[in-house]
Amino acid sequence: MDDELQQFEAELKQLRPVTPSRELKLRIEAELTASAGESAENPRPFWWAWIALPAVMATAAALALVVFMSSPVSAPPTGAPAVAVSPGGPAFKPVSAENVLLEAKDEGLVTLADGSAARRVRQSYIDTIVWKDPAGRASLRWSVPRQEERVVPVVFQ
Amino acid sequence: MTLLRQTTHPQPMEDVPAHDSWKTWFELYGPKLLLCARQWTRSAADAEDAVQEGFVRYWRHQRSLGGEPLPLLITSVRRAALDLARRDARRTAREQRAEADADGVVPVFATPLAGDERRAAIESALRRLPPEQRDVLVLKIWGELTFEQIAAQLGLSPNTAASRYRYALAALRQEMSVADCHG
């Protein structure tokens with residue numbers, strides 16, 4: 001990059017993004033407080049988790065084998081297939097974590113313990129986390145289905 | 001089995017300040033997340049929705065993963081922005097809100113020392129950049145991600161991310177020059 005472009009880049013870096021509004025903080029606070037206090041979020045396993053689990057285990061085993069095969073022959077571990085924790089082995093670090101929303105079902109109105117009305121929404125996700133070894137090319141991808149139940153307070157006007 | 005247990009409990013890999021409250025994290029990362037979200041949504045209000053959803057998802061499900069929080073937070077917010085765009089039921093309201101700030105009345109940067117006009121000119125030029133260049137520029141400069149992290153985020157090679165960044169900088173400077181010439 002030429003000097004002029006570098007100066008321009010430096011100018012851009014001086015710009016500070018605006019601070020999120022107070023309303024946004026309050027909304028986040030309300031959502032986090034609600035889930036902590038009322039267990040509004042209630043992850044449950046669902047039937048196809050049992051189908052996905054063998055696939056996840058098979059993938060993990062295959063990746064473990066690849067990592068194991070690519071590690072130096074001079075350091076044979078005795079017995080344990082410890083890939084991520086062996087002191088001289090690859091140090092995996094998480095590089096991405098995604099929650100892909102597959103489906104959201106509105107299950108209608110429910111009455112909470114305090115008598116107030118709320119809407120129950122059931123959401124199905126696939127959570128995928130990828131770890132990588134910064135020193136090598138090995139990576140590990142872990143996907144698991146998750147179901148979340150959210151209870152959203154309803155205000156009638 | 002050992003491997004599976006490790007992957008589901010990755011906490012020891014990095015030192016994450018687990019005792020921090022979400023407010024501390026939000027003070028630190030909120031402005032950057034909002035700016036990034038603004039690139040993937042049609043209105044400032046939608047960007048706030050995406051930040052809320054992405055941040056809450058991260059805080060509940062991914063905080064314990066360890067590693068650098070910002071790339072994971074940005075991924076979570078980006079995913080929330082994409083989910084938001086897919087929700088047809090909210091389309092009409094969203095489009096109305098997009099129209100409301102289509103003229104750029106909602107600033108994305110705090111006013112720098114050089115003055116509000118310069119800030120407004122940069123924001124305007126930024127909006128005119130091709131989205132694929134703008135994404136890389138925002139993630140690099142204000143998201144403070146590496147080219148490798150940007151590449152992982154956008155599904156590119158690191159070299160492509162780096163070259164898009166250079167093109168974006170040059171294009172933005174060009175836009176600014178044109179704006180300066182026209183007063």
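A, B, ... follow the sequence lines: proteins, then strands. Residue 1 opens every chain.
Tracing side-chain contacts under 4.5 Å through hydrophobic residues (I, L, V, M, F, W, Y), one never reaches B:Tyr167 starting from B:Phe147; they form parts of separate clusters. Taken together through direct or relayed side-chain contacts under 4.5 Å among Ile, Leu, Val, Met, Phe, Trp and Tyr, A:Leu12 and B:Leu129 form part of one hydrophobic cluster. Side-chain heavy atoms closer than 4.5 Å link hydrophobic residues (I, L, V, M, F, W, Y) into clusters, and following such links, possibly through other members, connects B:Leu72 to B:Leu70.
Only the side chain of B:Arg79 has a heavy atom closer than 4.5 Å to any heavy atom of chain A. Using a 4.5 Å cut-off between heavy atoms, A:Glu4 touches chain B through backbone and side chain atoms alike. Proximity to chain B (any heavy atom under 4.5 Å) is shown, for A:Val130, by neither the backbone nor the side chain. No part of B:Leu33 comes within reach of chain A, as not one of its non-hydrogen atoms sits under 4.5 angstrom from that chain.
Close approach to chain A, defined as a heavy atom under 4.5 Å from one of its heavy atoms, is seen in B:Tyr165 of residues 151-165 of chain B, taken by number. Proximity to chain A among residues 130-143 of chain B is limited to B:Ile141, B:Trp142, judged by heavy-atom separations below 4.5 angstrom.
In this structure, the separation between CG on A:Leu5 and CG on B:Leu172 is 9.5 Å, given to the nearest 0.5 Å. A distance of 8.0 Å separates CZ of B:Arg57 from CD of A:Glu148, quoted to the nearest 0.5 Å.
Contact check for A:Glu98 versus B:Arg78: no side-chain heavy atoms found under the 4.5 Å cut-off. Side-chain contact check for B:Glu27 versus A:Lys25: some heavy-atom pair is nearer than 4.5 Å. Side-chain contact between B:His61 and A:Tyr125 is absent, with no heavy atoms from C-beta onward closer than 4.5 Å.
Contacts of B:Ala81 classified as side-chain contact (heavy atoms from CB on, under 4.5 Å), with partners at least two apart in sequence or in another chain: B:Trp40, B:Thr41, B:Ala50.
No hydrogens or angles considered: nothing links the side chains of A:Asp127 and B:Gln62 as a donor-acceptor pair under 3.5 Å.
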Apply side chain to side chain contact (heavy atoms under 4.5 Å, CB included) to the pair A:Lys13 and B:Glu144, showing each step before the final yes or no.
CA-CA 10 Å; A:Lys13 284 179 178 172; B:Glu144 296 175 11; over 6 Å; no
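Considering B:Glu53, B:Gln52, B:Glu48 in turn, B:Gln52 is the only one that fulfils the side-chain contact (heavy atoms from CB on, under 4.5 Å) rule with A:Ile28.
Environment of CD in A:Gln123: crowded, with over 12 heavy atoms of neighbouring residues, nucleotides or ligands closer than 6.0 Å. Counting heavy-atom neighbours within 6.0 Å of B:Lys32 NZ, excluding the residue itself, gives a total above 12.
Put simply, of A:Asn99, A:Val100, A:Asp2, the one with the most heavy-atom pairs under 4.5 Å next to chain B is A:Asn99. The choice from B:Leu169, B:Thr75, B:Leu35 that makes the most heavy-atom pairs within less than 4.5 Å of chain A is B:Leu169. Chain A forms more heavy-atom pairs under 4.5 Å with one residue of B:Leu82, B:Ile74, B:Ile122 than with any other, namely B:Ile122. Note on B:Val56, B:Leu34, B:Val51, B:Leu126: by heavy-atom pairs under 4.5 Å with chain A, the leading option is B:Val56.
A:Pro20 and B:Pro31 make their closest contact through CD-N, 3.7 Å (heavy atoms, listed as atom of the first residue, atom of the second, distance).
Applying the ring-ring contact (aromatic ring centres under 6.0 Å, His included) test to residues at least two apart or on different chains, none of the pairs has a partner in residues 102-121 of chain A.
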